[in-house]
Structure formats: C-alpha cells, structure tokens
Q: 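Input: one structure, supplied below.
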Amino acid sequence: MNSWVNSAEILGSDLPLELSGTGNRRALLMDALREAVRSGRLAPGTRLPPYRSLAADLGLARNTVADAYAELVAEGWLAARQGSGTRVAERAVPVTPVHRPRTPERAARPVHDLVQGQPDPSVFPRTAWLASARRALAAAPDDAFGPGDPHGRPELRRALAGYLARVRGVRAAPERIVLCSGAAHGLRLLAEVVGGPWAAEEYGLPFHRALLASHGVGTRPLGVDADGARVDGLTRRDRAVLLTPAHQFPTGGPLHPGRRAAVVDWARATGGLVVEDDYDGEFRYDRQPVGAVQGLDPEHVVLLGSVSKSLSPTLRIGWMVLPQRLVGPVVTAKGEREQFSSATEQLTLADFVESGAYDRQVRRMRQRHRRRRDQLVAALERRAPHIRVTGIAAGLHAVLELPPGTERSAVRAAAWQGLAVEGLADYLHPGSEGAGQADAPRDGLVVGYATPAESTYPEALEALCRALPPR
C-alpha cells in the first residue's frame with residue numbers, strides 16, 4: 001500500500017509520507033517517520049498532526065498511529081508534551097562524539113553525557129572548600145602573595161607527600177614533588193626534559209599522544225591484554241613509557257605484579273623512565289588498593305596526579321613526584337616563576353588535605369560512583385544481558401564489549417538517542433594494527449558514569465540500552 005498525507009499542518013507544504021510494502025502497519029509508519037526525520041524533511045521541533053488526523057489521512061486505525069507515536073517518543077525520535085502536541089525531538093539530530101569531526105549544520109547538544117573524564121560538577125564540596133580557603137588565607141605567609149615558586153607552594157607539597165605515602169604507597173619527600181596545572185602540563189614538561197621516543201599503551205588518551213607529538217616526542221604502541229600493558233615489548237631505544245598501572249585506561253584492570261616488576265627492571269637496565277599516570281587510583285570498589293609503581297623505585301618512576309577526577313577539572317592543580325635527577329631540569333623547564341596554578345588555590349588544597357576534607361570527599365565520591373556503576377550493571381543485566389561489561393572494579397567508566405563490527409553503528413544509534421558516548425576505537429593508538437603486539441582492535445563503548453545528574457542518570461541508562469546492538 002502506498003499512502004500520501006497532505007502535510008500543510010506539518011511544514012506548510014506537501015510532505016510525501018510513503019508507506020510501502022506489506023506487513024505490520026505500525027512498523028511501516030514508524031520506519032517512514034524515522035526516515036523523514038533522518039533525511040531532514042521533518043526538522044527538529046516540527047509539530048506532527050494529531051494521531052487521529054494522520055490515521056484518517058493514511059487510512060490506518062487510530063490505535064496504530066497512537067502506538068507508533070508513543071514508541072517513537074520512547075526511542076527519542078519524537079517528544080510529546082501535554083497541550084503542545086507531538087513534535088520531532090530537538091535531540092533527533094545526530095550528536096557528534098567528542099573525537100569525531102563536527103558537521104556544524106548537523107551537530108546538536110547531547111541530552112545525556114556518558115563521555116568519560118569528569119565528575120558531576122554539582123557534587124563539588126563548596127562548603128568544605130570555602131572553609132579551607134578561609135583558613136588557608138588567614139594563615140598564609142606574606143610570601144604567598146608574591147611571585148610564585150615554580151616548585152609550587154611548600155604547604156601543598158608537604159601535604160601531598162604525606163597523603164600520597166599513606167594512600168598510594170608513594171616514596172617521596174616534599175622536595176621531590178613539583179606542582180603543575182594537571183597531568184597534561186606534566187607530560188609537556190617531561191617531553192621537553194626527557195625527549196623521545198616513548199612507548200605507550202595501545203589504548204589511551206589521543207590527547208596525550210598528540211601533546212607528546214607536538215613536543216617532538218613520538219610514541220609507539222604496546223599491546224594491552226587482561227594483565228595490562230605488555231611491557232616485554234619495551235626496548236633500549238625507548239626513553240620512557242607512559243602507563244596507567246592502577247587502572248588501565250580505558251580498558252580497565254591493574255597492571256599485573258609481574259609486569260610491574262618487569263617495567264622497573266627495564267628502567268634500571270636501560271636508564272629509561274616509567275611515567276605513571278595515576279588518573280583515578282583513588283577510586284576502587286571491588287578490590288584492595290593497588291599501590292603506585294613509583295613505590296618500587298622512586299629513581300626510575302615519575303608519578304603524575306591531579307584533582308580533576310576527585311574534585312574538579314577547573315582546579316588547575318596537578319603534581320609530579322620525580323626522581324631526584326629530574327627535579328632541577330623540570331623546574332627549569334617550567335620557568336622562573338609559577339605561571340600556571342594559583343597560589344591561593346594551592347594553599348586551599350593543602351588545608352583541604354590536611355584537615356581530612358579531601359579523604360571525606362574521596363570516600364563520598366567512591367560511594368556515589370560505586371552506586372552509579374551498580375546501576376549501569378543492573379540495567380545491562382535487565383535490558384542487554386548479552387553485552388559484557390568490563391573494567392568495573394575501579395575508576396569512573398566501564399567498557400561495554402560489543403559484537404565485532406557493531407561499534408560504529410552503536411555510537412550512531414546512541415547519538416540518535418541524544419546520548420554522548422565514545423567507542424573504544426577512539427582511544428586506539430593509530431600504529432597498533434601494524435605493531436606486531438596488538439591484538440585485532442576490539443569493538444566496545446567507553447561509558448562514563450560520573451557526569452550525569454542523579455535525576456537524569458536512569459534516563460541516560462535507558463537511552464544507552466536502546467542503542468546497543470541486539471543479541
């Protein structure tokens with residue numbers, strides 16, 4: 001049956017809506033409406049005719065059209081509000097994932113953000129932070145308001161030395177700690193001081209690889225499996241290796257104890273440097289804490305850390321715990337004065353750590369993230385039991401393993417649901433397939449569960465489950 005509807009009420013001009021083929025009328029109508037939205041003939045915000053009118057025009061039962069509208073609303077193609085009728089959803093335009101080039105006329109703001117990388121900004125501990133700021137400013141010495149020392153404020157370096165020793169097993173005096181504006185800033189400084197080439201895990205942040213490349217440091221991939229990076233692939237030519245030992249990013253899981261020892265042996269034998277990105281080492285749920293590799297050999301390992309996951313990325317405070325031989329060169333590379341991190345914020349963080357407020361915040365966030373993770377796992381068990389979820393013992397994200405060849409379509413389906421989420425391929429080193437160590441690229445979604453507000457998280461999970469490939 002071919003039916004046409006006069007759509008003056010829809011667009012002010014005729015819109016041919018074709019129902020072709022045989023079979024379920026509701027399914028045919030839904031396919032036709034999806035195609036009209038997808039092609040742009042029905043723009044976001046366009047009001048659709050009442051289901052009774054469309055049913056009469058198409059010669060369909062009213063219930064058939066009403067059910068089609070309801071199902072498309074549930075899928076995110078349409079939006080229905082009492083008193084304003086049914087319209088094409090504003091989010092029905094595909095959302096471009098973070099690492100993909102944007103097409104301006106097609107890009108739209110996502111309704112739900114499941115991209116990994118940052119906590120929910122609404123849970124920043126404003127009251128406790130303000131109390132620390134008041135105490136820190138009242139007690140600050142006069143020199144805190146003069147030109148900054150590129151080492152960073154001694155109050156914060158002392159506080160971090162104690163905290164990292166207690167929580168992460170780090171072995172370092174305050175003199176070994178140089179403050180920076182975050183892990184990226186630390187990598188820039190190390191690239192300048194150490195030079196290249198570096199080895200890096202085959203799955204990792206493209207931003208970090210690009211940052212190193214911009215400073216003349218090339219990277220080559222090390223394969224990653226269930227035990228972490230395959231450090232037996234390191235060579236004497238490598239000046240450094242960039243690792244995420246506490247929780248491999250993004251595939252999940254700690255570096256195997258044997259490999260932790262092996263990478264330290266490599267550094268000792270070759271004079272190489274292990275750069276340990278401790279990006280979320282404080283967030284673990286179903287396992288005992290894993291100490292920092294730095295504790296095995298402080299003279300051959302640099303520990304990079306920041307408060308971007310535990311507090312906020314807007315606090316531009318990070319740290320490098322350095323071998324003694326690198327402290328001077330790194331400070332020289334940083335410059336004569338502190339240009340990157342506010343002294344008053346450094347003093348505030350020092351008080352926040354010393355007062356115990358930082359420990360309380362980490363515990364609070366750990367409980368919240370564990371609850372979020374459990375909700376994700378439960379939703380998948382209920383709606384998509386065929387999808388395996390990994391990397392969930394720690395961190396702020398999980399990896400959903402997908403059938404081969406389905407990752408790109410799942411990312412696109414998520415975009416049509418108004419969901420921002422990334423595929424595992426976005427994190428794969430471009431040289432991995434020819435490296436000889438890497439397995440065939442895996443299909444998966446990297447799902448961050450820290451960002452959405454409590455009120456919208458269940459809806460985000462429903463949208464995610466709708467986007468997953470069927471069994």
Side-chain angles (χ1 to χ4, degrees), residues 168 170-172 176-178 180-224 228-249 254-256 259-279 281 292-306 318-334 427 429-432 435-438:
R168 304 293 296 121
V170 168
R171 294 162 53 197
R176 299 283 194 96
I177 298 176
V178 174
C180 52
S181 66
H185 184 206
L187 283 177
R188 289 189 184 97
L189 294 170
L190 291 173
E192 183 175 340
V193 169
V194 177
W198 288 24
E201 295 161 327
E202 65 170 339
Y203 284 97
L205 279 173
F207 169 66
H208 285 172
R209 295 192 295 263
L211 184 153
L212 291 171
S214 71
H215 285 72
V217 174
T219 58
R220 65 178 191 85
L222 292 176
V224 170
R230 298 175 182 170
V231 298
D232 57 345
L234 290 167
T235 70
R236 289 187 173 274
R237 184 171 176 269
D238 298 315
R239 298 292 297 275
V241 57
L242 176 60
L243 300 176
T244 50
H247 185 225
Q248 201 289 317
F249 181 86
L255 187 64
H256 188 277
R259 295 184 182 181
R260 292 161 68 93
V263 76
V264 169
D265 290 343
W266 165 82
R268 290 171 177 168
T270 64
L273 187 69
V274 179
V275 180
E276 180 177 12
D277 182 358
D278 200 38
Y279 76 100
V293 173
Q294 190 272 354
L296 298 177
D297 193 334
E299 292 304 324
H300 290 94
V301 183
V302 173
L303 181 84
L304 293 178
S306 78
W319 51 86
M320 294 175 281
V321 183
L322 296 163
Q324 185 62 54
R325 71 183 188 279
L326 291 182
V327 173
V330 167
V331 170
T332 299
K334 193 177 176 188
Y427 297 92
H429 194 294
S432 289
Q437 290 196 73

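Atom set for the values below is all heavy atoms of this structure, side chains included, hydrogens, waters and symmetry mates excluded.
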Q: Got a sec: does the CZ of R268 have more than 12 other heavy atoms crowding it under 6.0 Å?
A: yes
Q: Tell me, please, which residues at least two apart from T332 pass side-chain contact (heavy atoms from CB on, under 4.5 Å).
A: none
Q: Can you measure from NE2 (H208) to OH (Y279) and round to the nearest 0.5 angstrom?
A: 11.0 Å
Q: Taking atom CE of M320 and atom CG of L303, what is their separation to the nearest 0.5 Å?
A: 11.0 Å
Q: Tell me the closest heavy-atom pair linking G186 and C180, and the distance in Å.
A: N-SG, 4.1 Å
Q: Working note: V275 + L190, criterion side-chain contact (heavy atoms from CB on, under 4.5 Å); need CA distance, chi angles, decisive distance, verdict.
A: CA-CA 9 Å; V275 180; L190 291 173; 4.0 Å; yes
Q: Can you name the nearest heavy-atom pair linking L304 to A183, along with the distance?
A: CD1-O, 4.1 Å
Q: Under the rule for side chain to side chain donor-acceptor pair (under 3.5 Å), what residues qualify as partners of H300, not counting sequence neighbours?
A: D297
Q: Residues two or more places apart in sequence or in another chain: which of them pass side-chain contact (heavy atoms from CB on, under 4.5 Å) with T219?
A: W198, A200, R209, L212, H429
Q: Checking R176 now: which residues fulfil side chain to side chain donor-acceptor pair (under 3.5 Å) with it, not counting sequence neighbours?
A: E299, Q324
Q: So, for G295 and R171, which heavy atoms are closest and what is the spacing to 0.1 Å?
A: O-NH1, 2.7 Å
Q: Any salt bridge (Lys or Arg N to Asp or Glu O under 4.0 Å) pairs touching residues 319-334, not counting sequence neighbours?
A: K334-E338
Q: Dump the intermediate steps for side-chain contact (heavy atoms from CB on, under 4.5 Å) on Y427 and L205, then the final yes or no.
A: CA-CA 6 Å; Y427 297 92; L205 279 173; 4.0 Å; yes
Q: Return the CG to CD distance between D278 and Q294, rounded to the nearest 0.5 Å.
A: 10.0 Å
Q: If you round to the nearest 0.5 Å, how far is CH2 of W266 from CG of D232?
A: 13.0 Å
Q: Looking only at atom types and distance, does a side-chain atom of R230 sit under 3.5 Å from a main-chain N or O of L222, one as donor and one as acceptor?
A: no
Q: Taking G195's backbone N and O only, do any of them form a donor-acceptor pair with R239's side chain (distance below 3.5 Å, no angle check)?
A: no
Q: Are the side chains of P323 and L273 in touch, meaning some heavy atoms are under 4.5 Å apart?
A: yes
Q: Dump the intermediate steps for side-chain contact (heavy atoms from CB on, under 4.5 Å) on L296 and V301, then the final yes or no.
A: CA-CA 8 Å; L296 298 177; V301 183; over 6 Å; no
Q: Using every non-hydrogen atom in the two residues, find where A269 and R236 come nearest and quote the distance to one decimal.
A: O-NH1, 3.4 Å
Q: Given 3.5 Å as the limit, does a donor-acceptor pair link the side chain of E201 with the main chain of Q248, or not?
A: no
Q: Can you confirm whether R220 sits close enough to T235 that some side-chain heavy atom of one is under 4.5 Å from a side-chain heavy atom of the other?
A: yes
Q: Using side-chain heavy atoms (C-beta onward) and a distance below 4.5 Å, is L243 in contact with E276?
A: no
Q: Quick one: side chain to side chain donor-acceptor pair (under 3.5 Å) pairs with a partner in residues 185-197, sequence neighbours left out?
A: S181-H185
Q: Hey, which of L211, V217, D277 is the one that makes side-chain contact (heavy atoms from CB on, under 4.5 Å) with L187?
A: L211
